[in-house]
Every structure is written in C-alpha cells, then in structure tokens.
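One structure below.
Both counts, for ligands and for their atoms, begin at 1 and track the order of listing. Note that this is a predicted model, so its numbers are computed, not measured.
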Amino acid sequence: MTEKPRVSIFGLGYVGLTFAATLASRGFKVIGYDIDERKLELIKRGKSPFYEPGLEELLAEAVSDGNLTVTRDPEEAVNNTDVTFITVGTPEGPDGGADLSQLHSALRDLGRGLAKKQSWHLVVIRSTVPPGTSRSAAKLLEEMTGKRCGVDFGLCMNPEFLREGNAIEDNLNPDRVVIGECDKRSGDYLEGLYKAFLGERLPPMLRTSLENAELIKYANNAFLAMKISFINMIANLCERIPYADVEDVARGIGLDKRIGPYFLKAGLGWGGSCFPKDLKALLHVGRELGVDLPLVEATVEVNERQPLKAVEFAERALGDLRGRRVAVLGLAFKPNTDDMRGAVSIKIVNKLVEKGARVVVYDPKAMPNAKRIFGDKVEYAESALDAIKGADCAIFVTEWDEFKSLKVEEVAKLMKNPVIIDGRRIFNPKNISSTVKYFAIGLGKNYD
Ligand code: NAD
C-alpha cells in the first residue's frame with residue numbers, strides 16, 4: 001500500500017470516535033458520520049461528546065489540521081473514501097439477542113453510497129455482532145447495489161478489543177488485530193491499512209473467516225467475564241473463612257503462568273456497555289442453535305448477585321436502612337470513563353433507595369450521566385468528602401485513583417457512623433483500626 005487509504009467511519013461513539021482520532025493523528029484522512037447531530041456539532045469544534053482520557057486533545061488537533069471532518073451525508077462519506085468502518089452500537093434486544101437495528105440502518109445508508117460508487121470499496125464491520133451477521137450484511141449490500149461482494153466491493157469483520165478509559169492507547173497498541181474476510185483482496189487491503197497505521201507497533205495479525213472473527217470477540221469477552229466471576233465466587237468463600245483474603249489468593253493463583261494475574265480482581269461484579277450484553281447475546285446464539293453454554297450461564301449468575309453484597313454489608317452494619325444516609329462513591333462502570341451503561345452502581349443505588357435509604361452519590365466524571373439516570377431519587381455531592389460528611393455508611397463502588405488517596409481513618413471521622421464498604425479493595429485492611437467498621441469483598445474479617 002503506497003498511499004494511506006481514505007477512511008470513513010459510521011458511528012462516532014467510544015469505538016468509532018477514538019479510532020477516528022487515532023487514525024487522523026497518524027496522518028489518515030478520516031470522514032466521520034453519525035445520526036446524532038449534537039455529536040457531529042461538538043466534534044466539528046474539536047470537542048468530545050464523552051470523557052475519554054487524551055481524546056479531546058487528539059480531536060482538537062485532528063480537526064484543526066483537517067485530517068478529521070464530519071458529515072451528515074453518508075453517501076458523501078462513502079464516495080470520498082476507500083474504506084468504511086461500521087462502529088454503531090449493538091445493544092441488548094428484548095429477547096437478550098443483539099439488537100442489530102443500528103447496523104442495518106448504517107448498512108442501508110452505506111449501500112446507497114456504494115451503489116453509486118464506480119471504484120472498489122471496502123466495508124469493515126467493527127461493531128460486535130453475532131456469528132453470521134457479517135455474511136448477511138454482504139448479501140444485503142449485494143441486493144441493494146447489484147454489486148458482488150468479493151468482486152465489486154470487499155467486506156471484513158474486524159472486532160474491536162479496546163478498554164474504555166484506555167481507548168487511545170489500545171487503538172495505538174492493540175494486542176492483536178483480527179481480520180475476518182470475505183475474500184483475500186479484502187483481507188490484504190485491511191492488513192495493509194493496519195501496517196500503515198501501526199507501523200513498527202504492528203501486533204500479531206490473525207486472518208480468518210468472518211464467522212470466526214465474530215466468535216472471537218464474544219468468546220474473548222465471555223472468558224474475561226468468567227475470570228472475574230470465578231474470583232468473585234472464591235471471594236464469597238473467603239468471607240466465611242477467618243484469616244482468608246481473596247487478594248492474596250488471587251495473587252497466588254495469578255503467579256501461575258498458565259492462569260496469569262489479569263482479571264482476577266474481586267469486587268462488586270462486572271458491568272459496562274459490553275460484557276453484560278455480549279454474554280447475553282452469546283447465550284441467545286447458543287439457545288438458537290440448541291447448544292448449552294453452562295459456563296457462560298454461571299458467569300452471568302454469579303455476577304447478578306455480586307453488586308447487592310454492598311447492600312447486605314450495609315444492613316449487617318446498620319440494620320434497617322430506612323432514613324440512613326448512605327454515600328455511594330464511584331458511579332461509572334470503571335475508572336477513567338463517564339460511561340454508566342450497565343454500571344453496577346445503578347443496581348446498588350436502586351436497591352438502597354428501595355430500602356428507604358437517603359442516598360448521596362459522587363463520581364469524578366459521571367455526574368451528568370448519573371443525573372439523567374437517577375433524577376431526584378438521590379442527592380448529588382460536589383466531592384467525595386462532601387458525600388461522606390455525616391453519612392451512616394460509605395460504599396466505594398468504582399476504584400477511581402482519587403479515592404485511593406483517601407485516608408480511611410480521616411474519612412471515618414467525618415461520618416456519623418464509621419461504616420466503610422470497600423467494594424473494589426481500594427484500601428489496605430491492615431492499616432484500618434478496629435474503630436472503623438470496615439467491610440471488603442473477599443475478606444474473612446467481615447464475619448469476625
Ligand atoms: P456507542 O453507543 O458509544 O456509539 C455508537 C454510535 O453509533 C452512536 O454515536 C450512535 O449515534 C451512532 N449510530 C447509531 N445508528 C447509526 C447509524 N445508522 N449511522 C451512523 N451512526 C449511527 O457504542 P460504542 O461503545 O462505541 O460501541 C460500538 C460497537 O463496538 C458495539 O458493537 C460494541 O459492542 C463494540 N465495542 C465497544 C467497546 C467499548 O468499550 N465501548 C469495546 C469493544 C467493542
């Protein structure tokens with residue numbers, strides 16, 4: 001590939017916009033398209049519609065040097081580029097399967113542009129989609145355009161593995177690139193694009209069928225979620241065994257090279273915009289094909305109970321929660337993002353409210369999203385200490401760095417009752433005096 005391909009991206013959310021900004025930062029000409037006009041207006045001014053570390057700086061640069069532009073016209077985006085990445089959402093549908101309506105509408109927009117295009121064009125599905133979807137997408141485009149996939153246009157399935165909160169780095173330094181291809185020319189072209197994008201940092205590249213690429217993404221997420229649910233199950237056991245601590249158990253098993261240390265952090269469970277809906281979608285695929293997926297089922301089941309442990313600890317310490325002031329610290333589904341989709345904080349806050357507690361919440365970045373979700377059901381604090389002041393109980397739900405620097409003894413002094421529930425093992429239990437009622441996931445001491 002002598003020249004960098006011109007790229008259009010359909011869907012400027014966490015995946016599409018971070019990809020657009022990093023491609024533009026490497027000198028690619030990128031045209032972004034989204035149906036959300038508010039997003040387009042912000043991006044045009046170099047502003048990010050959501051919080052992601054480093055994104056706004058890259059965006060401002062990409063927009064001012066002209067490498068990144070946006071359009072409301074999908075046909076124009078297709079006509080003026082060589083390859084289109086589809087990065088629209090694939091949320092959970094009413095039956096648990098992936099809702100592909102955003103994908104279908106993006107494909108129809110793309111198809112109109114493709115029909116008019118004289119030259120070969122590559123379509124890349126980067127959204128997470130169930131096995132078989134990409135091949136059906138190729139058929140839909142063939143029917144719409146009268147063109148043939150593998151001849152007049154190409155199609156690849158190229159799953160994304162980025163972590164929100166680390167998306168820029170993950171775009172620039174992926175562990176691997178998976179390319180599912182409908183034909184060799186499509187795969188070669190996409191491989192060339194990644195070589196031009198990542199240069200010397202090119203990771204292992206896997207070329208495979210469309211279906212394998214689709215499955216790799218689901219299997220990947222199911223395995224990661226299973227590791228977390230596994231250690232949470234062990235954490236529940238640790239809590240009933242004096243002197244046991246899941247942190248040491250996790251460290252011990254993580255040192256086994258066959259297991260590895262990652263995704264063995266016990267806590268209040270996994271959430272977010274991907275794991276919950278992707279595991280449900282995988283179970284749905286299994287049901288449709290008549291195949292049981294018991295490990296995936298158990299992974300989900302363990303996770304459903306885990307967030308409510310925070311409420312159980314609060315009740316163990318305080319009894320009836322009616323009228324009690326409970327501070328919930330950390331609302332985003334993980335640190336360094338404002339994303340609250342599928343966040344465990346939602347389950348915890350709703351349960352506390354249901355039990356009559358007066359809930360006050362704080363998050364360093366997710367307060368605007370929290371206000372949309374909780375409305376006037378809760379109070380909103382200006383800072384962590386503001387939330388904690390006068391509280392009967394403080395529950396740490398997301399492991400933001402700013403919470404890690406709090407001193408538990410000082411926090412306890414501000415509270416009406418010194419009850420601290422450490423849902424993410426932020427604090428070292430060895431440094432906490434017995435004047436504080438400290439509960440932590442996976443700590444035998446909880447039942448002393
Ligand atoms: P998102 O909801 O943040 O963004 C999707 C964007 O697509 C929105 O801006 C929406 O307005 C836009 N859109 C919807 N319909 C459209 C259409 N017809 N044409 C153009 N734009 C349209 O979603 P996301 O988190 O970026 O995820 C996108 C996909 O990537 C999903 O399939 C997700 O499972 C997958 N994924 C997400 C992550 C992650 O961490 N967020 C990681 C890996 C994979």
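Remark: ligand 1 and Thr87 share no N or O pair separated by less than 3.5 Å (distance only, no angle test).
The heavy atom nearest to atom 3 (O) of ligand 1, out of those in Phe275, Tyr14, Phe10, is found in Tyr14.
Using a 4.0 Å cut-off between charged side-chain N and carboxylate O, Lys195 and Glu191 make a salt bridge. Between Glu239 and Lys309 there is a salt bridge, since a side-chain N of the basic residue sits under 4.0 Å from a carboxylate O of the acidic one.
Using a 4.0 angstrom heavy-atom cutoff, Arg163 does not count as in contact with ligand 1. For the pair Lys217 and ligand 1, a heavy-atom separation below 4.0 Å is found.
Protein heavy atom closest to atom 32 (O) of ligand 1, with residue, atom name and distance, is Thr90 OG1, 2.6 Å. Among all protein heavy atoms, the one lying closest to atom 18 (N) of ligand 1 is Ser105 OG, 2.6 Å.
Proximity of Ala167 to ligand 1, defined as any heavy-atom pair under 4.0 Å, is not found for any part of the residue. Contact annotation for Ser273 and ligand 1: only side-chain heavy atoms (C-beta onward) come within less than 4.0 Å of the ligand. Neither the backbone nor the side chain of Glu37 has a heavy atom within less than 4.0 Å of ligand 1.
Relative to the six-membered ring of Phe19, Arg126 meets both conditions, a distance below 6.0 Å and an angle of at most 45° to the axis.
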Legend entry - Steps toward ring-ring contact (aromatic ring centres under 6.0 Å, His included) verdict (Trp270, Phe333): CA-CA 8 Å; Trp270 40 266; Phe333 85 92; over 10 Å; no
